[in-house]
Amino acid sequence: MNKASTHITQNEALIFERSQTGRKGYMLPALDVDETPIDELLPAKFRRTDDLEGVPEVSEVDVVRHFTRISTWNYNIDLGMYPLGSCTMKYNSRLNERVARIKGFANLHPLASEEDSQGALQLLYELQQSLSEITGLAAISLQPAAGAHGEMTGIMLIRAFLDARDGVGEGDRPRRNVMLIPDSAHGTNPASAHLSGFTVKTVRSTPEGQTDLEALRELCAAGDVAGLMLTNPNTVGLFERSIKEICQIVHDAGGLVYMDGANMNALVGWARPGDMGVDVIHLNLHKTFSTPHGGGGPGSGPCCCTKELEPYLPVPRVVLEGDRYKLDFNYPKSIGRVKAFYGNFGMAVRALSYIETHGADGLREATEAAVLNARVIAHGLASDYDKPFEAAPMHEVVFTDKRQARKGVHTLDIAKRLIDYGFHPMTIYFPLIVQGAMLIEPTESVGRQEIQQFIEAMRAIAREALETPDLVTNAPHTTRIGRLDEAAAARKPVLRWKPEEKAAVA
Amino acid sequence: MNKASTHITQNEALIFERSQTGRKGYMLPALDVDETPIDELLPAKFRRTDDLEGVPEVSEVDVVRHFTRISTWNYNIDLGMYPLGSCTMKYNSRLNERVARIKGFANLHPLASEEDSQGALQLLYELQQSLSEITGLAAISLQPAAGAHGEMTGIMLIRAFLDARDGVGEGDRPRRNVMLIPDSAHGTNPASAHLSGFTVKTVRSTPEGQTDLEALRELCAAGDVAGLMLTNPNTVGLFERSIKEICQIVHDAGGLVYMDGANMNALVGWARPGDMGVDVIHLNLHKTFSTPHGGGGPGSGPCCCTKELEPYLPVPRVVLEGDRYKLDFNYPKSIGRVKAFYGNFGMAVRALSYIETHGADGLREATEAAVLNARVIAHGLASDYDKPFEAAPMHEVVFTDKRQARKGVHTLDIAKRLIDYGFHPMTIYFPLIVQGAMLIEPTESVGRQEIQQFIEAMRAIAREALETPDLVTNAPHTTRIGRLDEAAAARKPVLRWKPEEKAAVA
Amino acid sequence: MLRSVGLNAPEELFDTIPADILLRDLLKTPDALSEPELIARFESIAAKNSAAHRPSFLGAGAYSHYQPTIVDSLISRSEFFTAYTPYQPEISQGTLQAIFEFQTLVCQLTGMDVANASMYDGSTSVAEAVLMAERVTRRRKVVVSGALHPEYLHVAETYVAHAGIDLVHAGFDEQTGTTNFDELGSLDEGTAAIVVQSPNFFGCVEDINALAERAHKVGALLVVCVTESISLGLLRAPGEAGADIVVAEGQSFGVPLSFGGPYLGLFATREKYARQLPGRLVGVAADKEGRRGFVLTLATREQHIRREKATSNICTNEGLIALMATIYLETMGRQGLQEVAMQCAQKAAYAARRITEIEGFSLPYSATPRFNEFVVRAPVAADGLLRRLASERNITGGLALSRYFPERTNDILICVTETNPRTEIDALAAGLAELTK
Amino acid sequence: MLRSVGLNAPEELFDTIPADILLRDLLKTPDALSEPELIARFESIAAKNSAAHRPSFLGAGAYSHYQPTIVDSLISRSEFFTAYTPYQPEISQGTLQAIFEFQTLVCQLTGMDVANASMYDGSTSVAEAVLMAERVTRRRKVVVSGALHPEYLHVAETYVAHAGIDLVHAGFDEQTGTTNFDELGSLDEGTAAIVVQSPNFFGCVEDINALAERAHKVGALLVVCVTESISLGLLRAPGEAGADIVVAEGQSFGVPLSFGGPYLGLFATREKYARQLPGRLVGVAADKEGRRGFVLTLATREQHIRREKATSNICTNEGLIALMATIYLETMGRQGLQEVAMQCAQKAAYAARRITEIEGFSLPYSATPRFNEFVVRAPVAADGLLRRLASERNITGGLALSRYFPERTNDILICVTETNPRTEIDALAAGLAELTK
Ligand SMILES: Cc1ncc(COP(=O)(O)O)c(C=O)c1O
Ligand SMILES: Cc1ncc(COP(=O)(O)O)c(C=O)c1O
């Protein structure tokens, strides 16, 4: 391995490479019971024989330095704007982190009796109430662990509802096995639909970035449509103006409408899916409700639905009976259970804290700021970048690399060059329907000044693309390592460290 | 101001420069009492008139980003070795931070009744007991807030004791007004002695880096010596082999011996000042006992002394009567009080946690590791750097730039170049008696591997000093800013931001 | 700012939303609370969770273990917890390297070749393992042990309801508390996999070697599920014993109980099935100068590329929880993981001894090897006994099995870990004895 | 490693220590505790501090204020809390810029020109101010208000005991609770400074303008001390009112009570005295390319250069606490500091009203302007009354002035801040009323 620099923090090895026989980073209280002889405790054939060889042996300082060093190789929200479109990288309040760590929450076992966990149940119940008010949908399950999980749950609700309505018995072939999904949808949508046994058919978008109503009507005419999965605002950041008509078309065809709520940050306090005709939606608490993304998770993807769909929600449900909160398992039509216990409770604590520290007007103002910030970027970059859609964007705006591509500078290059200016890149090459897409979502967590800095950086890159394109295509220049050869990595994947491969890996 | 780079995190402005009228980063509960009219509350002539102009107006995210960004401009112990000689930059355990934040400690008012603060008093008492055992000295005051403060306290004890012994009344000229201090001592030593009205006389060191006994005897012969302030191991990292004789000489001359305990990390569990003949010592909990340095403080400088000096310690003292801990003010000979309340209690919590998680053998092992690490460095660098003293060093070792200076590369350059290798520089130009001193203290918080990396870095620099001296004299090359013109800064000091100077400062 | 984009009022920002669906009024969510008010409110809510403040012998899929202080302190660095999925490797190497270490640790502990970057939890990992077994074998029958955690079973059933997979339940042997081998008779050439948990829901260690043999004989895979991952510090690695897919709940690795989530699904398999894995994978890559780095790899398995043909719909996983586990595992290290496992086993053995000494109490599966959980049969109804233990002795005594098996009225599942000092175990035994006298 | 340096046993590392002082046995300090044991032990010790868990009206130099959550979270970044004094500016710019902002904020709040990087606390700052006044004026008499915090006075006396400075005590006016002007008669051309606290120990606001005039008339400096720094959000800045040196206890700025420390000494003065300041100073500097940076400056005042001729012996100061205050001040900001000050004053006014309504209670200095502290004269001995309030009402009702002034048996110093909700104030008033009925 070549060294990125001489700087020790830039060359932190894998922990396995730092391990030294006999080093310890922990201390346990001494065993305080009479020891049972080992063979009596567990016959040899059931015991490990490898003495955990390869598992690292390091001191506490080693661990602290290891993770502190590699942490500095990450960008993060606290360093600056993280304008990933569709991901809603907003500020993760420290207060939410603090309250999630209160012992009464953190130390509570999920199988404690109802009596002994009234606080946790209350919290879940109150979050359900707030989310119901925010979405305009009657019933909520907090069980799904992420957006895709919420999608799967919601699609299963639709399947269960339709089968019941259409009198499809167990083992019968369902009558409606088509799920319509726009070509602009996130990959989880078709994947989730597939998990529930649906065949996916694609709905075209219009050149204006809206669902093509004609195409939708045609598809619906076939009579096998179970529903439509729609993101709104859609993945190019535009509100689906005909949302009510869309819902009507699908409903008239006997289907239901699922809304991917990933973009709820454009709507909270201003419009509610329930008022648009939507039947079921998932939320991403890790987007709209500010729970931290954690480098990939955990998330929480509450599934919210109408009264009609409620009987099919996963069990147990959290309900209030008199002044006692209860776990209600008695929903015979329920699709079942999508996760052990009750969902990612810790994220629920944070989300409720977010909702309650904002208050109704704070939520509305946050949405307003998020949309305004995107609008400022849309204005600020229009002179330098191709903006494929005319309409005013909501909380995120899509541009393309069309103009820069003439000079051989592509979206990927622009994204990497942004790193040199201190910003995380935007979402790139998504949605797939926009060639060379750059989807920019500033969120409300950026001040005027920083929005301007971002616009200036993007403009500077546009100039560089003209004047010094190599500077852009070879970016980033300020990181520890350059662009990595991902194709080679996938061809001969090395997915774990091994002692014998030490030399090869290094 | 020129930009360090285009990277936003590298150019974070002063918070005052980021302020925007009307922005808020806080929210308070609404006032819940009837309002008193403002003029009734406080006549206008006593009220502020400037509406706090200039105080920043920023959001919570602004504050978080501001400090997160500038934090990345700091080196820190968790990034790597911080080998500042004399400073003992050891690992700051997170456990200590955690227990210091327990509500029962953090929320306790210092004027709570004894009955209501038994836990805090117990903790102080137990720390006193442990420190007494570690130093071999009978009595402790935890009141001093740092090492220099402990020195001042200790020197005042000496003064008070001598005045009492010698029958010097209030207002009389004390008979003994000379404090002997080696030429290698830390600057706080003479400054603290001066604060207590002593005249400082310097004791020579021998070429071997030991106190010159002959010089000491001569100085003591004058009859006006109140005492000697000695650091042991001394500031070149050597144990004062004749410590018992030194104490004897001073005692014979009617003086007392103060030991600067800054270097106790070389002794804990292996030797005790009390057993050497020392009368009074301060400890630095922020060195030897691992409480964090915090970018300059807080510290804690317990003053430990013999039974004879005990009556003079500051009040209140923490004592145990039966099973009650008490604050005892009844020490009529006490020098008084050196700080409101009882010292830096939060540091005491951390230090006791350090002592108790190590245990007696852990403390001894830590000392051993600290000394061994220094020894490894002494060996590892002897071939490349001038080592002015032959003797085996204790927990720190001094080198000089003698060999490199021939090529125009000086201690300062070597220190700055170390930064490029990812290490914090060692202590430089201290002690003053060693020309071009580089005082290296690895502490016990570094593994074998990192010690080797450090040695390799130092050797690489030695080679660079020969081959590419400019590389070294222009270092550092990897930091946000280069060497700063400190002379110019002192000539026309700008010590605060001002709105009208915005342009000038920037 | 509004002006700068040519608008006069905030409402105009929402002009593209049809007027009839625009909200006129404020939401009826609670009024804004200041920080101190919010904290006070949440603390008072949390205080109602009385079980969180009491010695406990609850396990059954969620375990109390000591979490070293540095775990929370390190994951609290914003560099880790506020970052997104590492799609931009140049500025995500911290996350990527940590995941690579996580994958390696999971392989080491389970004895497998490859592991992914995490799943939602143990239960969904079982469901995904069933789906994967179908992909690998193209067979549609999966035999599931009756000693699998009932909630895990429920989740698997829900996941596969529309996947055309036939979940067959194998019972368990009332004598041994382990999976009933005879009922595995349904095993045949159409079987994709056997799914077994070990230590199983009743705390009994299954004979993985024997099960693997049975499965492999008909060309089926053996899926092993572990809920108490600390057991991997003492028990033979499932991979070594012949498992083809190992899934586990990683909560035991320094993750708070947090009323059931966020937890951590571990998912590992053999090299040859790597491309059938659900979820993200991190691999080694190099830049132009040959410097080592890490990237998300084999992405063509995933939904954002393969859409409905992906190996799973999972996108967001449990990144930060995987980081917690990584820090935990590296801090405890080779020695610590063995020591903590040994303490759990020893303390559980002690507790079992103490409880069997009490008149009227027995261990129905006493002859079967176990780790740190075991079923106790009480002379009275478990429900009431546990309620009295809580209210009169301030001890959460374990789980009444009637929660999942209504007919097992007197059975209690007890779990003991290194966090239960002997005094607590003695108090439990004393409580059980005195309350049934 | 030992071998690599030519040694065989650890003992050889200590060969340079004479054998007769080498310890043979282990220290008799406690045995090592593991993390969970240590935490359990410290939590049980902390639990004995019953005052920490109870509504309180204690002030007198240490104040309960709300600390925004981000303060602790930001200072917990190892970049800040584990760093040393920023002697190497190239890798300490984070600390240096923060101190520069701190110095600026202290100047803005106190109305002064320059401020240092912190002192140990308020009490030692007063002592250092006395020493500085002597350096500036080369006069040896300092007149100290009798309404200065008694512990501060004690510290100043101790510090100057051997400095040849004559501390003269001015009494205070029993009618107004403020410094007795007439006793300032001792003011003369030999006077270096007047030292006065405002709001003073009894909560009364002093007339700084008038005192400044008196001091300046004889060429003396006016040193103003503030213990409740939140008052600066409402009260006229001492600098504006004529102070020459302003010292303060900064604990109110988001720093935990922590049984008296670590706290934060603020120290500010006029431009012309900058070179007489004790402690560290950060100033602006530029590198070769003209980039702005910050450095420790005017170091020739300090002990490591000037040794016994330094302006002070201070070296380690309260860096991290200054950072806490900086984050607090920037988070609260221009509006927040005024709002929190106003809330304190309003709530104290309300409390004073409620208490004066109680039969037998009076406010001896009711006519004097105050901020958030005031003396209440009870109809019974304060000591016993406060003890009963604590045990029977679970309220820490304030400070019995007899702690410092044995003759003031019935006086209680009460402090009210924004953290005392009205319900607590009402409960205090009810308690006082009912326990004296
Ligand atoms: C539009 C959209 N839908 C669905 C998802 C999936 O959500 P999650 O990653 O939480 O599973 C995402 C997030 O990446 C998204 O952006
Ligand atoms: C040898 C020596 N003595 C005294 C001191 C002063 O200690 P403090 O900075 O805690 O006041 C130091 C610390 O810098 C030191 O190294």
Side-chain angles (χ1 to χ4, degrees), chain A residues 1 25-26 32-33 36 52 55 67 70-71 73-78 99 102 104 106-110 112 116 118-120 130 145-146 148 187 190-192 194 197 200 239 292 294-299 336-337 340-341 344-346 359-360 368 371 375 479 481-482 484 489 493-494 496-497, chain C residues 5 10 13 16 26-27 29 32 42 45-46 48-52 58 74 77-79 81-85 90-91 93-95 104 120 123 151 154 158 162 256 258-262 283-285 287 291-293 297 303-304 307-308 310 313 315-320 331 334 336 349-350 422:
Chain A
M1 179 200 169
Y26 78 101
D32 59 357
V33 300
T36 307
L52 284 182
V55 172
F67 286 99
I70 69 174
S71 81
W73 306 343
N74 272 3
Y75 193 83
N76 69 88
I77 295 183
D78 288 1
V99 293
I102 295 174
N107 292 355
L108 184 62
H109 194 286
D116 282 345
Q118 281 295 302
S130 277
S192 300
H194 176 73
V200 172
F239 191 85
R337 195 187 244 294
F341 312 127
N344 281 346
F345 175 77
E368 186 186 312
V371 174
R375 206 64 71 82
T479 48
I481 50 163
L484 294 163
V494 177
R496 60 168 294 191
W497 172 87
Chain C
V5 295
L13 288 166
T16 59
L26 278 182
L27 291 170
T29 54
F42 274 45
I45 293 176
K48 296 183 201 161
N49 295 325
S50 32
L58 276 173
L74 288 169
R77 285 186 64 80
S78 55
E79 286 84 344
F81 89 93
T82 79
Y84 196 67
T85 306
E90 298 86 352
I91 43 172
Q93 284 296 309
T95 298
T104 303
Y120 300 139
S123 70
E151 299 204 7
H154 200 182
T158 307
H162 307 290
S258 192
F259 204 48
V284 174
D287 72 2
R291 289 181 287 228
R292 178 176 71 182
T297 192
Q303 40 70 30
H304 59 279
R307 301 181 80 83
E308 64 266 35
N313 69 330
C315 179
T316 290
N317 56 23
E318 303 294 303
L320 197 70
T331 304
R334 184 174 180 174
Y350 172 79
R422 181 191 171 134

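Just so it is clear: chains get the letters A, B, ... in the order the sequence lines come, proteins before strands, and each one is counted from 1.
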Looking at chain C, which one of [options] has the largest number of heavy-atom pairs inside 4.5 Å, strictly under?
options	value
Asn74(A), Val55(A), Val33(A)	Asn74(A)
Gly25(A), Ala106(A), Ala112(A)	Ala106(A)
Ser71(A), Ala360(A), Ala145(A), Ala146(A)	Ser71(A)
Asp116(A), Val371(A), Ile102(A), Val200(A)	Asp116(A)
Asn107(A), Thr479(A), Ile77(A), Leu484(A)	Leu484(A)
Ser192(A), Pro292(A), Gly346(A), Ala340(A)	Ala340(A)

If you measure from [atom1] on [X] to [atom2] on [Y], what distance do you get to the nearest 0.5 Å?
X	Y	atom1	atom2	value
Glu90(C)	Ile481(A)	CD	CD1	6.5 Å
Thr158(C)	Arg337(A)	OG1	CZ	8.5 Å
Arg375(A)	Glu368(A)	CZ	CD	11.5 Å

I'd like to know which of [options] tops the heavy-atom pair count under 4.5 Å against chain A.
options	answer
Thr316(C), Thr85(C), Thr95(C), Ile91(C)	Ile91(C)
Tyr84(C), Tyr350(C), Phe81(C), Tyr120(C)	Tyr84(C)
Arg307(C), Lys48(C), Arg77(C)	Arg307(C)
Thr16(C), Leu320(C), Val5(C), Asn49(C)	Asn49(C)
Leu26(C), Leu27(C), Thr297(C), Leu74(C)	Leu27(C)
Gly336(C), Gly293(C), Ser78(C)	Ser78(C)

Tell me, with the steps shown, if Cys315(C) and His304(C) meet side-chain contact (heavy atoms from CB on, under 4.5 Å). CA-CA 8 Å; Cys315(C) 179; His304(C) 59 279; over 6 Å; no
Please check if the side chain of Glu79(C) supplies one atom and the backbone of Trp73(A) the other of a donor-acceptor pair under 3.5 Å.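 No.
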Can you name the residues that form a salt bridge (charged side-chain N to carboxylate O under 4.0 Å, His left out) with Arg334(C), not counting sequence neighbours?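 Arg334(C) satisfies salt bridge (charged side-chain N to carboxylate O under 4.0 Å, His left out) with Asp51(A), Glu57(A) only.
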Is it true that Thr82(C) and Asp78(A) share a donor-acceptor pair across their side chains at a distance under 3.5 Å?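 The criterion, which ignores hydrogens and geometry beyond distance, is not satisfied for Thr82(C) and Asp78(A).
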Minimum-distance pair of heavy atoms, taken over all atoms of Thr29(C) and Gly359(A):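 Where Thr29(C) meets Gly359(A) most closely, the heavy atoms are OG1-C, 4.4 Å.
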